[in-house]
Amino acid sequence: MNTFTYTRADDVASAVRAIATEGGARFIAGGTNLLDLMKENVEHPSRLIDITHLPLGEIRPGAEGGLRLGALATNTDVAYHPEVERRYPLLSAAILAGASPQLRNMASVGGNLMQRTRCPYFYDTATPCNKREPETGCSAIDGVNRSHAILGTSEYCIATHPSDMCVALAALRAVVHVTGPAGDRAIPLAEFHRLPGDTPHVDTNLRPAEIITAVELPARGFADHHAYVKVRERTSYAFALVSVAAALEMDGETISEARLALGGVAHKPWRDPEADALLRGRPATRENAQRAAGVLLREARGFGDNDFKIELARRAIARAMAQAADMRRRA
Amino acid sequence: MKTYASSATERKAVPPPAKSWITLKVNGTARRLEVAPWTTLLDALREQLELTGTKKGCDHGQCGACTVLVEGRRINACLTLAVMKDGAEIRTIEGLAPGDGLHPLQQAFMDHDAFQCGYCTPGQICSAVGLIAEGRARTMDDIRELMSGNICRCGAYPGIVAAIHEAMRADHGQAHR
């Protein structure tokens with residue numbers, strides 16, 4: 001790890017001021033990804049601003065019947081929160097499918113959004129990587145790319161966003177609240193992360209010196225019909241090869257509302273409003289699930305080792321849809 | 001890359017960062033120590049407080065050998081900065097047993113031969129203490145899932161799961177399947 005200066009922020013305004021005045025400074029909360037990246041010499045901040053003492057840990061009712069998750073609430077706090085378990089079980093399931101209990105006890109909501117790709121070339125400072133060091137090239141495109149993206153890729157980067165939580169948040173249409181030197185703003189989760197394009201070193205649309213304060217869930221939680229299907233190399237404690245968050249509202253056998261989001265396949269949680277629209281008003285059959293999968297994956301492209309992900313995603317979507325549709329609320 | 005270049009430049013300009021004095025309440029005793037900003041809780045425990053029961057395995061949060069309890073919750077000490085835990089209550093493997101006796105999990109690990117080389121054992125046991133306190137595990141499968149952050153390269157998993165299951169049942173005072 002490089003040497004750095006440590007500062008503890010006492011309030012949000014001073015945290016924003018501190019980071020705005022030092023380009024090499026970073027916020028630290030759980031630290032589960034940042035400290036690892038520092039040990040690997042991928043990140044080397046000049047200063048760490050400890051934000052864990054800011055009053056951002058609360059989970060409380062939000063506007064219009066939703067639920068507001070403070071940016072510093074841990075993954076465990078959120079996954080086991082009674083209101084999340086009751087109203088947003090899809091989110092609990094996605095969080096509990098990720099990391100380990102120890103990491104979930106440390107990792108924060110805001111940090112989960114800000115975590116960086118686990119592309120092995122991004123971590124390996126001996127290899128070129130446009131995300132780590134722009135204009136050096138992408139080692140994954142012609143390299144070992146079994147874990148890499150099949151959607152929204154560019155000739156500069158085929159990394160994936162590793163979060164499970166964000167896939168559920170995308171399906172639930174969560175909104176990210178941030179504040180910064182120019183004031184507060186709200187960013188729909190679907191627009192928070194970005195595609196790599198020719199600037200893959202920029203992961204998100206967060207502006208310099210902005211800080212995440214909360215993630216807000218809308219009132220609709222899809223508690224009756226939801227599924228998080230995660231396919232990985234081992235049963236537990238591994239990143240997704242492909243994951244699917246499916247959230248449905250059913251009117252008898254007919255889907256009245258559908259939200260699908262994919263993980264492990266792109267630089268951000270992957271959604272396609274057309275796939276959701278196609279399912280509305282149709283029965284939850286395997287055929288319709290396959291049609292929706294066809295829309296979601298219409299631009300999918302493999303890079304050799306990860307070609308299998310296209311078919312895997314198709315099947316995972318069908319399975320998630322079937323699980324969500326067949327689910328009955330437990331008595 | 002702008003951010004990269006500027007942070008690299010500023011890194012050179014940074015004066016030697018000051019160490020700071022912190023207090024950790026380790027196993028019920030307040031311990032005062034001076035740490036650099038980059039000292040992990042794991043290194044502070046092992047190198048400065050000489051509590052070498054907590055092990056350094058991968059040092060990247062992947063193996064769980066460094067698991068300790070902070071404010072009663074299990075965490076990876078290798079991915080925690082000591083300075084950020086100033087004033088916190090820390091419990092390590094050395095502080096689990098009352099007096100000269102054994103903690104029920106330590107006894108269960110012996111009864112079930114839940115180790116071979118023993119290197120992962122302190123982390124396994126601290127993690128299991130956290131698991132039982134969380135109260136989320138019911139079945140053997142739950143234990144396997146909720147212990148997935150602790151790797152045993154000797155493959156003593158059957159004994160580990162059986163030991164935790166027994167201790168969990170005794171703790172809850174009722175039979176679980």
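Computed over heavy atoms, backbone and side chain alike; hydrogens, waters and symmetry mates excluded. Chain naming here is simple, since letters A, B, ... match the order of the sequence lines and numbering starts at 1 in each.
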For A/Y80, does the six-membered ring have the charged nitrogen or CZ of B/R136 within the cation-pi criterion, i.e. under 6.0 angstrom from the centroid and within 45° of the normal? yes
Backbone of B/L105 reached by a side-chain donor or acceptor of B/H103 within 3.5 Å: yes
Step through it carefully: locate the ring centre of A/H161, locate the ring centre of A/H267, and say whether they are under 6.0 Å apart. no
With chain B as the partner, which of A/R8, A/H53, A/M38, A/Q102 has the greatest number of non-hydrogen pairs under 4.5 Å? A/Q102
Name the region of A/A29, side chain, backbone, both or neither, that has any atom closer than 4.5 Å to a heavy atom of chain B. backbone
Look at the aromatic rings of B/W38 and A/F4 and report parallel, tilted or perpendicular, splitting at 30° and 60°. perpendicular
Among B/S20, B/A36, B/G61, which has the most heavy-atom pairs under 4.5 Å with chain A? B/G61
Heavy-atom pairs under 4.5 Å with chain A - which of B/T80, B/L131, B/L79 has more of them than the others? B/L79
Between B/G130, B/S127, B/S148, which residue shows the highest count of heavy-atom pairs closer than 4.5 Å to chain A? B/S148
Taking every non-hydrogen pair under 4.5 Å, which of A/P208, A/S236, A/G31, A/S100 racks up the most with chain B? A/S236
Segment of A/T74 engaging chain B (4.5 angstrom heavy-atom cut-off): side chain
Is any NZ, NE, NH1 or NH2 atom of the basic residue among A/D36 and A/K39 found under 4.0 Å from an Asp or Glu carboxylate oxygen of the other? no
Looking only at atom types and distance, does a side-chain atom of B/N150 sit under 3.5 Å from a main-chain N or O of B/G64, one as donor and one as acceptor? yes
Side chain, backbone, both or neither: which part of A/L48 has a heavy atom under 4.5 Å from chain B? side chain
Applying a strict 4.5 Å limit to non-hydrogen atoms, the region of B/L81 in contact with chain A is both
Taking atom types as modelled, is there a side-chain donor on A/E22 or A/S46 under 3.5 Å from an acceptor on the other? yes
